[in-house]
Each structure stands twice: as C-alpha cells, then as structure tokens.
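Keep in mind that this is a model prediction, so the values were computed, not measured. Residue indices begin at 1 and follow the sequence shown. Atoms considered below: every heavy atom in the structure, side chains included; atoms not considered: hydrogens, waters and symmetry mates.
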Amino acid sequence: MTEGTTTAAAAEGGDTLTRLEQEGEIAADYLEGLLDIADLDGDIDMDVEADRAAVSIVSDSSSRDLQKLVGRDGEVLEALQELTRLAVLRETGDRSRLMLDISGFRARKRAELAEIGAKAASEVKSTGAPVKLDPMTPFERKVVHDAVAAAGLRSESEGEEPQRFVVVLPA
C-alpha cells in the first residue's frame, strides 16, 4: 500500500466515525424530544459499535417508566428504532443502521440469543443433525448466526417474514 492510499483509508475511516457520531447526535436530540413529550426521565448514551451508531436510553430510577418504551417483546423499541432512523434520514439524507437500546433490553436479549445459538450449535455438534429454531426478528437471527459462527458451525435463515427462522447446520 502506498502512503497516499494509507492516508486516504485513514481519512475515510475518520469520515465514517464522524458520520456515525453525527447520526448518534441527531438520534439523541430526537429521543430527548420524545422523552420530554412523554414526560419520562432518562439519560441518552451514544457510542459507535461495529460500524453502527448505538444509542441507549437509561434511567437511574428503579421505576418501570422506560419499560413502556420497550413494549411487549421489544415491539415498541423496534418501532422507536425505525422512527429514530427516519429522523436521521430526514436530517442527513442517508439511511442509518443505528441501533437503539432502552434500559438494557437489547443487551439482555443479545445475551439470551447468544446462549440459544451456542446451545443449538452444541446440540448439532453432538447429534450431527440440523436444528431449527423458532421464528425470530432480523436482529435476533443476526445474533444467533454470530453465536453459531463463533462455535465453528454454519447457519442459514429460512422461511418468510414474520415466520423466518434460523437453521443450525453441521460443519
């Protein structure tokens, strides 16, 4: 690689980080407005994880107010994530892959799904037979696929939304 190519790649990486930080700031402003309208207490944390802006709403209080923003099985959280992505699109003109978490729901869900993927991989290794899992959202399938790959196996998604599911396959 030449020096010019290395400098260009570093500048591009810096541009990406700046763009993701801008997405996070736009999302934080949007979500702060939402919290004000709903009269809910919460702090906004921003980060960049795996080439995505990551925004979390957390609360110091032990109240369950923010649970309203998570909803049953994260349905409200998913809707808020899409609305937040649309707010970013409106401001930047670019589609965002931003991830939203509220009260650690998505982080807990990720840990549970990684465990499901690891158990399915273990079962496939011991039996040699494919394992079909229950239908999942795209986020959930991605976490399971990553866990299966970390266990050294492969997996595929089958079916049509909303009944799309993961099949863990022998190596």
Side-chain angles (χ1 to χ4, degrees), residues 16 19-20 22-24 26-28 30-31 33-35 37-38 40 42 44-58 64 66-171:
T16 299
R19 180 181 53 77
L20 293 174
Q22 178 189 17
E23 284 183 14
I26 293 167
Y30 176 79
L31 292 166
L34 177 80
L35 290 174
I37 291 168
L40 295 173
I44 310 281
D45 290 335
M46 297 179 296
D47 200 0
V48 174
E49 299 172 358
D51 296 329
R52 289 182 177 210
V55 179
S56 300
I57 301 175
V58 294
R64 300 184 47 87
L66 289 182
Q67 284 306 117
K68 297 173 188 173
L69 297 179
V70 173
R72 192 184 85 227
D73 295 327
E75 290 174 340
V76 176
L77 171 60
E78 289 291 330
L80 286 174
Q81 178 175 277
E82 284 307 308
L83 289 172
T84 305
R85 286 176 174 178
L86 287 173
V88 171
L89 173 66
R90 185 185 68 225
E91 292 290 322
T92 64
D94 294 324
R95 176 97 171 105
S96 174
R97 294 177 47 232
L98 173 132
M99 290 296 289
L100 175 63
D101 194 5
I102 299 174
S103 294
F105 174 84
R106 201 176 291 274
R108 287 187 303 276
K109 188 75 168 174
R110 183 177 282 124
E112 291 171 15
L113 292 164
E115 179 73 18
I116 289 169
K119 283 182 180 178
S122 178
E123 183 180 335
V124 169
K125 283 180 179 178
S126 67
T127 67
V131 171
K132 293 182 181 181
L133 300 175
D134 292 334
M136 299 178 183
T137 67
F139 162 76
E140 293 169 336
R141 291 193 309 269
K142 169 76 168 100
V143 173
V144 171
H145 285 306
D146 290 347
V148 170
L153 295 180
R154 61 189 184 91
S155 57
E156 297 175 352
S157 291
E158 293 183 5
E160 298 293 324
E161 295 292 351
Q163 296 300 312
R164 201 154 165 81
F165 60 93
V166 174
V167 178
V168 181
L169 304 164

Any side-chain to backbone donor/acceptor pair from Lys125 onto Ala151? Under 3.5 Å, distance only.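 Checking the backbone N and O of Ala151 against the side chain of Lys125, a donor-acceptor pair under 3.5 Å is found.
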Please report the interatomic distance [atom1]([X]) to [atom2]([Y]), rounded to the nearest 0.5 Å.
| X | Y | atom1 | atom2 | result |
| --- | --- | --- | --- | --- |
| Leu98 | Leu89 | CG | CG | 12.0 Å |
| His145 | Glu156 | NE2 | CD | 8.5 Å |
| Leu20 | Met46 | CG | CE | 12.0 Å |
| Ile102 | Leu77 | CD1 | CG | 4.5 Å |
| Lys142 | Thr137 | NZ | OG1 | 12.5 Å |
| Glu123 | Leu153 | CD | CG | 11.5 Å |

Does any non-hydrogen side-chain atom of [Y] lie less than 4.5 Å from one of [X]?
| X | Y | value |
| --- | --- | --- |
| Asp45 | Val55 | no |
| Ile116 | Val143 | no |
| Val88 | Tyr30 | no |

Give a yes or no on this: more than 12 heavy atoms of other residues, nucleotides or ligands lie within 6.0 Å of atom NZ of Lys132.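 Incorrect, the count does not exceed 12.
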Check [X] against [Y] and note the closest heavy-atom contact, atom names and distance.
| X | Y | answer |
| --- | --- | --- |
| Asp73 | Phe105 | C-CZ, 3.8 Å |
| Val124 | Ala129 | CG2-O, 3.4 Å |
| Ala147 | Ala118 | CB-N, 4.2 Å |
| Thr84 | Ala27 | CG2-CB, 3.4 Å |

With a 4.0 Å cut-off, would you call Arg85 and Glu82 a salt bridge?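 Salt bridge present between Arg85 and Glu82.
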What pairs of residues pass the side chain to side chain donor-acceptor pair (under 3.5 Å) test when at least one of them lies in residues 87-106, not counting sequence neighbours?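 Pairs touching residues 87-106 that pass the test: Glu23-Ser96, Glu78-Arg106, Gln81-Arg106.
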Which is it for Leu35 and Leu66 under the side chain to side chain contact (heavy atoms under 4.5 Å, CB included) test, yes or no, and what are the steps along the way? CA-CA 9 Å; Leu35 290 174; Leu66 289 182; 4.1 Å; yes
Identify each donor-acceptor pair in which a side-chain atom of residues 160-171 lies under 3.5 Å from a protein atom, sequence neighbours left out, and give them as a table.
unit_1: Glu161; atom_1: OE2; unit_2: Arg141; atom_2: NH1; d: 3.1
unit_1: Glu161; atom_1: OE2; unit_2: Arg141; atom_2: NH2; d: 2.8
unit_1: Arg164; atom_1: NH1; unit_2: Gly159; atom_2: O; d: 2.7

Residues in side chain to side chain contact (heavy atoms under 4.5 Å, CB included) contact with Leu34, at least two apart in sequence or another chain: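 Expected list: Leu31, Leu80.
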